[in-house]
Amino acid sequence: MSTSVSINSTQRIIKEILEVYPEKLQKERAKHLAPNDPSGQCSTCQVKSNIKSRPGVMTVRGCAYAGAKGVVWGPVKDQITISHGPIGCGQYSWWSRRNYYNGITGIDTFGTMHITTDFQEKDIVYGGDKGLMAALEELRQLFPLAKSFGILSECPVGLIGDDIESVAKKASKQFGLPVVPVRCEGFRGVSQSLGHHIANDTIRDYILGKGKLEKSTPYDVALIGDYNIGGDAWSSRKILEEMGLRVIAQWTGDASINELGIAHLAKVNLIHCYRSMNYICRHMEEQYGIPWVEFNFFGPTKIYQSIRKIAGYFDDKIKEQAEKVIAKYKPMMDRTIETFRPRLEGKKVMLYVGGLRPRHTIGAYEDLGMEVIATGYEFGHNDDYKRTYPELPEGALIMDDATLHELEEATKKLRPDLVGSGIKEKYAYHKAGVPFRQMHSWDYSGPYHGFDGFPVFARDMDITINSPTWGLIRRKR
Amino acid sequence: MSIAAIKDHTELFEQEDYLRQFECKREFEGPPTPERVKEVMEWTKSAEYRELNFSRQHIKINPHKACQPLGAIFCASGFEGTLPFVQGAQGCVAYFRSHLSRHFKEPMAAVSTSMTEDAAVFGGLNNMLEGLENAYKLYKPKMLAISTTCMAEVIGDDLNAFIKTAKDKGLIPQDLPTPFAHTPSFVGSYRTGYDNMLKGILSYMTAGKKGDPTDAINVIMGFDTYTGNYREIKRLMHMLGIKATILADVSDVYDSPNDGEYRLYNGGTPLEALMDSVNAKHTFVLQRYSTQKTAEFIKNEWVQDVSFYRPIGIRQTDAFIDALCAVTRKQIPKALEDERGRAVDAMIDSHPYVHGKRFALVGDPDLLLGLISFILEMGGEPVHIVCTHSEKPFEEEAYKILSSSPFGASAKIYPGKDMWHLRSLLFTEPVDLLIGNSYAKFLWRDVGVPLIRIGFPIFDRHHLHRYPIVGYQGVINLVNWIVNTVLDEMDRKTINSASFDVIR
């Protein structure tokens, strides 16, 4: 085994980062940090992932509830999604992910509402099932246009042994509507990730196959794993429709229950966020023989590639139309690059995010002449990292479940010009004078997906890196 | 390419192609007919719906409260070198940190013990032991303030015993301060958690510290998310020449200077001052409903005088300052008298625009009480007062204040109600102005009532927390926000009429 200079140098940096840790923690964390080897030859360059975070260490991770609510079920617009348990979980996740939807909130859609059974001590002692049934009945009366009810369990529900499944069954029978019990208690699993899986399974068990679609065409696809943050799914859908495809279901940004129920009728499932929705795609492949294809709509290079990859599943008509779409938008993409590349060329980026972004955004940065020198996942699995290594230069730093300390030290040593991470990291970077973008919610901007998203992405990176405000900081001598 | 021409989400989706896309997508959504949607929408505005809405018992819809642990770590973060440490599942801490960062636009440090299924079965001792060791070595806190989430509470983790075990095993030093509080999220709200943690910290840190009385006073702000309030109180103390310790002083924690360096710990009540707080001559508490147990503790255990003031508005600020001066034997300086005069002057100048205006308010008890008395002083009329986590004594206190003024005659308190109840109230008994947090903007949208953002959390406006709402300066800020909201609204309403005045 030979290791290159850049790999060795990153290895040294990792060693220094870990020095401060107690021995046991050092050993444990060493498995989660590695220099990148795009070829996959270097045996020490593979990170371990999807493992419990160490107690007392400032992890960025959330919980299964966060995964189920924030990503999979929260964005489904015409379902009443109940945060079942104490008051906090639903409050802290209330409309924080910007999963845009069309509809009249409180009437035919419910996405920006915080609905909770607000557990009190008596619910812990006597159980919450009775109250849950009563709550469902009250909601059914108040919101007659709700298409479904979701019950997202918080920690105590699983600990006190409540039987939300039987409540759901009873209510479902009574209402003639789906009532979906989601066992996403926050203590399950090691991160948000298990919450995605659990929630996927409930779509499979309670909704999939039950929707209505008038007619089918050979061009029917489902857009899976796009949560419509700042309108991402809409700018993605626009491309697919212009290619001549018919998007019969959009999961789960701006999704309706009916769309969740008809995706199995698609000819191909197109999946953007592999991490959070590969489960249901695999199910539809096994059960209904629907192929699925991963695509990436960040930045022109990846968009062109993805359009052609998707078109490859269809006839010449779609293939020709795909080329036309590319030709139509290429001038706009080129102009975007011409405008922003001179302002961003050579800038180094460090990413630490969740889902698909740690690898999917790399191409968009590269289109702008920027280089991603470090990346990592909050809750990635081995298959995410395998998809990431080839996307990055040799010696780039790979971080799994990074701690605040690791992010800080890596920043000091690698000196990126831009860091992209979450709200908990954002303001620490502001204090340190490092340009930062919140890459979970696009810092309240977006969309970033698709042709319409790329100029917004480029503009936002420019705004952040080239803001005159950074120059005002007077560092302590 | 013109950068200004780039359309983001605020304009992009108004484009023709997107509107067409949305229309076509409906085919797959299986939506109700527009007529049916309209019918239901109108029904939700009716008295009949209001009655149905108010009859619900088992579900909260858009409530105004959050859970105990948030209050606990907020309190803990207000002490020098203190790391809030939470025994429980990790997602909670991720949520608390996000929530506070979104409000203050500041970093917030706290750790959890990342309890998972095995802890659910075997208890959280191992998580606590490893967590304390790691947190101490990594973050070198001067104090670890320990609280819990509902998970640790349901399985019955014994903090006291666990911490003792960690110290006996030498995982953390014996003399490292480790105050703790049990803060189950299924009891009370963040105010309860604040109270429990503060009491935990005070009792732990002042044990055995009783000595000669000093002439200093203590001030407890309560669950107060206005960093400007803390600075205002400190300025006031300085002005009056009073030596005061603010217990849980979060002002520098959530409003730290940018000097190119991120500090894990910035500001907070010095631990020396905290330990000496037991010897102060008096403790002033500026929120009654986030400090009950703490105040009882100070009265009974420290045998110290405690008094409650809520210096929002002129009269309540007067009362606070008079009491301060009486306790510390100080005279009100001319500069402060002038400040009062300026605040009253501002109120008089603006009063015509607020007089007789009907207000709806949603918030926490102490803030509500402060705002009620201020609104009454301006001649405004509080009408709907919604408090999701209410308490009987608060309701009594509120009615007492309301009944002291003819402007309070039409007010009603709605204890335990939420913002979906308030929606019904606003449709069936309209008001002119709404005061609440950022989530009240959904009411602004649905009902069209102008919103003045006062409270917590405020996510969608920047910097409001830097402006005090206490003291005479606070009065000026309140007048500013309220009267200028009225004037903005007048401009909007008169945009197509002759009443579009340039002088108001």
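These figures come from a predicted structure and were not determined experimentally. In what follows, chains carry the letters A, B, and so on, assigned in the order in which the sequence lines appear, proteins first and then strands, with residues in each chain numbered from 1. Because only heavy atoms are used, hydrogens play no part in the values below, and waters and symmetry mates are left out as well, while side chains stay in.
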Q.
Is a donor from one side chain sitting under 3.5 angstrom from an acceptor on the other, for Tyr21(A) and Asn134(B)?
A. no

Q. At a heavy-atom separation under 4.5 Å, does Lys24(A) approach chain B through its side chain, its backbone, both, or neither?
A. side chain

(Q) Do the side chains of Asp118(A) and Lys65(B) get close enough for a salt bridge, i.e. N-O under 4.0 angstrom? (A) yes

Q: Just jot down the side chain to side chain donor-acceptor pair (under 3.5 Å) partners of Arg423(B), sequence neighbours excluded, or say none.
A: Thr44(B), Asp446(B)

(Q) Given heavy-atom pairs under 4.5 angstrom as the criterion, report whether the side chain, backbone, both or neither of Asn127(B) touches chain A. (A) both

Q: In plain terms, say whether Asp452(A) and Lys7(B) are close enough for a salt bridge, that is, a side-chain N and a carboxylate O under 4.0 Å apart.
A: no

Q.
One pair to check against side-chain contact (heavy atoms from CB on, under 4.5 Å): Leu52(B) and Gln141(A). What are the steps and the verdict?
A. CA-CA 8 Å; Leu52(B) 182 66; Gln141(A) 285 201 309; 3.4 Å; yes

Q. Should we say atom CD of Glu117(B) is surrounded by more than 12 heavy atoms from elsewhere, each under 6.0 Å from it?
A. yes

**Q.** Gln91(A) versus chain B, the contacting section by heavy-atom distance below 4.5 Å
**A.** both

Q: Against chain B, label Thr109(A) side chain, backbone, both or neither, depending on which of its atoms sit under 4.5 Å from a heavy atom there.
A: neither

Q: Measure the OH-NZ distance between Tyr95(B) and Lys424(A) for me, rounded to the nearest 0.5 Å.
A: 10.0 Å

Q. By a 4.5 Å heavy-atom criterion (distance strictly below it), what part of Arg263(B) contacts chain A: side chain, backbone, both, or neither?
A. side chain

Q | Close side-chain approach of Arg445(B) to Thr105(A), heavy-atom, < 4.5 Å | A | yes

Q. Considering only heavy atoms from C-beta outward, does the side chain of Pro144(A) approach that of Trp43(B) to under 4.5 Å?
A. yes

Q) Taking C-beta and beyond as the side chain, do Gln21(B) and Arg237(A) meet within less than 4.5 Å on heavy atoms? A) yes

Q: Output the option from Thr113(B), Thr149(B), Asp418(B) having the highest count of non-hydrogen pairs under 4.5 Å with chain A.
A: Thr113(B)

(Q) Using a strict threshold of under 4.0 Å (side-chain N to carboxylate O), is an ion pair present between Glu106(B) and Lys426(A)? (A) no

Q.
Tell me if the CZ atom of Arg474(A) is crowded by more than 12 foreign heavy atoms within 6.0 Å.
A. no

Q) Is there side-chain contact between Val187(B) and Gln120(A), with heavy atoms separated by less than 4.5 Å? A) no

Q.
At a 4.5 Å cut-off on heavy atoms, which part of Ser2(B) comes close to chain A: side chain, backbone, both, or neither?
A. neither

Q.
With a 3.5 Å distance limit and no angle check, can you tell me whether Gln90(B) reaches the backbone of Cys63(A) through a side-chain donor-acceptor pair?
A. no

Q) Most heavy-atom pairs under 4.5 angstrom with chain B, which of Trp95(A), Tyr100(A), Trp470(A)? A) Tyr100(A)

Q: Could you grab the distance from atom CZ of Phe187(A) to atom CD1 of Ile155(B), nearest 0.5 Å is fine?
A: 9.5 Å

Q: Dump the intermediate steps for salt bridge (Lys or Arg N to Asp or Glu O under 4.0 Å) on Lys238(A) and Asp17(B), then the final yes or no.
A: CA-CA 8 Å; Lys238(A) 178 172 159 179; Asp17(B) 49 357; 2.7 Å; yes

Q: Determine whether the aromatic ring centres of Trp234(A) and Phe13(B) lie less than 6.0 Å apart.
A: yes

Q.
Given heavy-atom pairs under 4.5 angstrom as the criterion, report whether the side chain, backbone, both or neither of Pro31(B) touches chain A.
A. backbone

Q) Considering only heavy atoms, which portion of Glu153(B) lies under 4.5 Å from any heavy atom of chain A: side chain, backbone, both, or neither? A) neither

Q.
Which atoms of Lys38(B) are under 4.5 Å from chain A, going by heavy atoms: the side chain, the backbone, both sets, or neither?
A. neither

Q | For chain B, the option from Gly422(A), Gly453(A), Gly433(A), Pro447(A) that forms the most heavy-atom pairs under 4.5 Å | A | Pro447(A)

**Q.** Side-chain touch Leu159(A)/Met151(B), heavy atoms, less than 4.5 angstrom
**A.** yes

(Q) Under a plain distance cut-off of 3.5 Å, with no hydrogens placed, do Ser114(B) and Lys52(A) share a side-chain donor-acceptor pair? (A) no

Q. Would you call Asp8(B)-Arg459(A) a salt bridge at under 4.0 Å N-O?
A. yes

Q | Region of Pro184(B) in contact with chain A, defined by heavy-atom distances below 4.5 Å | A | neither

Q: Check the pair Ile423(A), Arg102(B) against side-chain contact (heavy atoms from CB on, under 4.5 Å), reporting the backbone distance first and the verdict last.
A: CA-CA 7 Å; Ile423(A) 188 74; Arg102(B) 287 179 180 130; 3.9 Å; yes

Q: Pick one of side chain, backbone, both or neither for Asp118(B), based on which atoms fall under 4.5 Å of a heavy atom in chain A.
A: side chain

Q) Any side-chain heavy atom of Cys67(B) sitting closer than 4.5 Å to one from Tyr92(A)? A) yes

Q | Residues forming a side chain to side chain donor-acceptor pair (under 3.5 Å) with Glu121(A), sequence neighbours excluded | A | none

Q.
Between Glu259(A) and Lys25(B), does any NZ, NE, NH1 or NH2 come within less than 4.0 Å of an OD or OE carboxylate oxygen?
A. yes

**Q.** Segment of Leu12(B) engaging chain A (4.5 angstrom heavy-atom cut-off)
**A.** side chain

Q.
Using a strict threshold of under 4.0 Å (side-chain N to carboxylate O), is an ion pair present between Arg54(A) and Glu130(B)?
A. yes

Q. What part of Met128(B) lies closer than 4.5 angstrom to a heavy atom of chain A: side chain, backbone, both or neither?
A. neither

Q: Measure Ile82(A) against the heavy atoms of chain B and call it side chain, backbone, both or neither at under 4.5 Å.
A: side chain

Q: Check whether any side-chain heavy atom of Glu29(B) sits under 4.5 Å from a side-chain heavy atom of Asp78(A), and report yes or no.
A: no

Q. Can you say whether the rings of Trp94(A) and Tyr439(B) are parallel (under 30°), tilted (30 to 60°) or perpendicular (over 60°)?
A. parallel

Q: Counting only heavy atoms closer than 4.5 Å, note whether Val37(B) contacts chain A via side chain, backbone, both or neither.
A: both

Q.
How long is the straight-line distance from CD1 of Ile61(B) back to CD1 of Ile115(A), given to the nearest 0.5 Å?
A. 5.5 Å

Q | Tyr262(B): which of Thr411(A), Val434(A), Leu404(A) passes side chain to side chain contact (heavy atoms under 4.5 Å, CB included) | A | Leu404(A)

Q) Considering only heavy atoms, which portion of Ala109(B) lies under 4.5 Å from any heavy atom of chain A: side chain, backbone, both, or neither? A) both

**Q.** Part of Phe340(A) lying under 4.5 Å from any heavy atom of chain B
**A.** side chain

Q: Measure Leu129(B) against the heavy atoms of chain A and call it side chain, backbone, both or neither at under 4.5 Å.
A: neither

Q: Identify which of Gly211(A), Gly90(A), Pro22(A) forms the greatest number of heavy-atom pairs closer than 4.5 Å to chain B.
A: Pro22(A)

Q: Check whether any side-chain heavy atom of Phe28(B) sits under 4.5 Å from a side-chain heavy atom of Gln250(A), and report yes or no.
A: no

Q: Pick one of side chain, backbone, both or neither for Ala94(B), based on which atoms fall under 4.5 Å of a heavy atom in chain A.
A: both

Q | Derivation of the side-chain contact (heavy atoms from CB on, under 4.5 Å) call for Met41(B) and Ile104(A) | A | CA-CA 9 Å; Met41(B) 184 156 69; Ile104(A) 301 174; 3.8 Å; yes

Q.
On a heavy-atom basis, which atom in Ala89(B) and which in Cys155(A) lie closest, and how many Å separate them?
A. CB-SG, 4.2 Å

